[in-house]
Amino acid sequence: MVKLSTLKYAALFTTVVTVGGCSYMYVKIQERVVLFGDFYNKSIEALKKDDKLSMALGVPLYPMFIDLSSKDNLMTNTKIKLAIPVRGSKNKGLLHTECSKEVMEKTWRIDSLVLEVNKKSFNVKIPSDN
């Protein structure tokens, strides 16, 4: 017969491995969006170049992890709609970006970029080299 203490250790070990594995996968998914998604980097850079809005949030600006369970986030082969949480020294908000590309293209173009701070929305200037 197996001792109760042995079962407790087995349950604890399984819990730690499961939580660790889930946390690892969550971070890896976030990194994949950030590192391989030029749509993400273009959107953050456009916000940083908009002096009025970046000063309203406060410098420096920090993008935070995307809420993967949010219904505001949608990704297909040709369209992306993301709500990127951003934080500055003064305020925090959501950067709503909509990007698209043709099926055979490799680069994304920004179609819409809106910053939401305290339930107010502000259009972000989209760079012309988009």
Side-chain angles (χ1 to χ4, degrees):
M1 185 99 185
V2 179
K3 292 183 181 180
L4 185 59
S5 62
T6 306
L7 290 175
K8 287 180 184 178
Y9 285 123
L12 179 64
F13 177 77
T14 303
T15 302
V16 168
V17 169
T18 302
V19 169
C22 290
S23 299
Y24 177 79
M25 290 303 297
Y26 184 80
V27 169
K28 286 300 177 185
I29 290 170
Q30 293 285 344
E31 285 177 357
R32 183 153 178 88
V33 169
V34 173
L35 294 177
F36 298 109
D38 66 334
F39 52 87
Y40 181 91
N41 294 324
K42 282 182 177 182
S43 300
I44 297 297
E45 286 304 314
L47 177 61
K48 287 181 178 179
K49 288 180 182 176
D50 192 327
D51 294 331
K52 187 172 88 173
L53 293 178
S54 62
M55 287 307 212
L57 283 173
V59 178
L61 288 175
Y62 298 105
M64 298 183 293
F65 278 151
I66 297 169
D67 181 7
L68 298 176
S69 64
S70 173
K71 294 182 181 184
D72 291 335
N73 300 326
L74 169 72
M75 297 175 105
T76 66
N77 289 340
T78 57
K79 281 193 156 216
I80 289 182
K81 183 179 174 187
L82 286 179
I84 304 169
V86 291
R87 178 177 52 93
S89 59
K90 298 178 186 174
N91 281 314
K92 61 182 177 178
L94 282 174
L95 180 62
H96 297 277
T97 182
E98 292 185 27
C99 303
S100 63
K101 72 172 186 167
E102 296 299 320
V103 176
M104 301 305 278
E105 287 181 8
K106 292 187 180 185
T107 59
W108 292 87
R109 68 182 165 275
I110 301 172
D111 298 326
S112 171
L113 203 53
V114 177
L115 178 65
E116 181 185 333
V117 179
N118 298 330
K119 307 276 184 189
K120 296 178 184 172
S121 297
F122 305 95
N123 289 325
V124 179
K125 295 175 196 167
I126 299 172
S128 59
D129 62 342
N130 179 28

Any side-chain heavy atom of [X] within less than 4.5 Å of one from [Y]?
{"X": "Leu61", "Y": "Ile44", "answer": "no"}
{"X": "Tyr40", "Y": "Ile66", "answer": "yes"}
{"X": "Leu47", "Y": "Leu53", "answer": "yes"}
{"X": "Glu116", "Y": "His96", "answer": "yes"}

When you look at [atom1] of [X], are more than 12 heavy atoms from neighbouring residues, nucleotides or ligands closer to it than 6.0 Å?
{"X": "Tyr62", "atom1": "OH", "result": "no"}
{"X": "Met55", "atom1": "CE", "result": "no"}
{"X": "Tyr26", "atom1": "OH", "result": "yes"}
{"X": "Lys92", "atom1": "NZ", "result": "no"}

Shortest non-hydrogen contact from Thr76 toward Trp108 =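 Reported closest heavy-atom pair: O-CH2, 3.9 Å.
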
For Glu105 against Lys101, the heavy-atom pair lying closest together =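 Result for this residue pair: O-NZ, 3.2 Å.
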
Heavy-atom donor-acceptor pair, Asn73 side chain to Ala83 backbone, under 3.5 Å |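 Flag set: sc Asn73 to bb Ala83 pair under 3.5 Å.
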
Between the side chain of Lys42 and the main-chain N/O of Ile110, is any donor-acceptor distance below 3.5 Å?
-> no

Transitively linked via ILVMFWY side-chain contacts under 4.5 Å: Val117 with Val124?
->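 They do share one cluster, since a chain of ILVMFWY contacts under 4.5 Å joins Val117 to Val124.
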
CG of Leu94 to NZ of Lys119, rounded to nearest 0.5 Å, is 10.0 Å

What do the steps show when you test Leu115 against Leu57 for side chain to side chain contact (heavy atoms under 4.5 Å, CB included), and what is the final call?
-> CA-CA 10 Å; Leu115 178 65; Leu57 283 173; 3.9 Å; yes

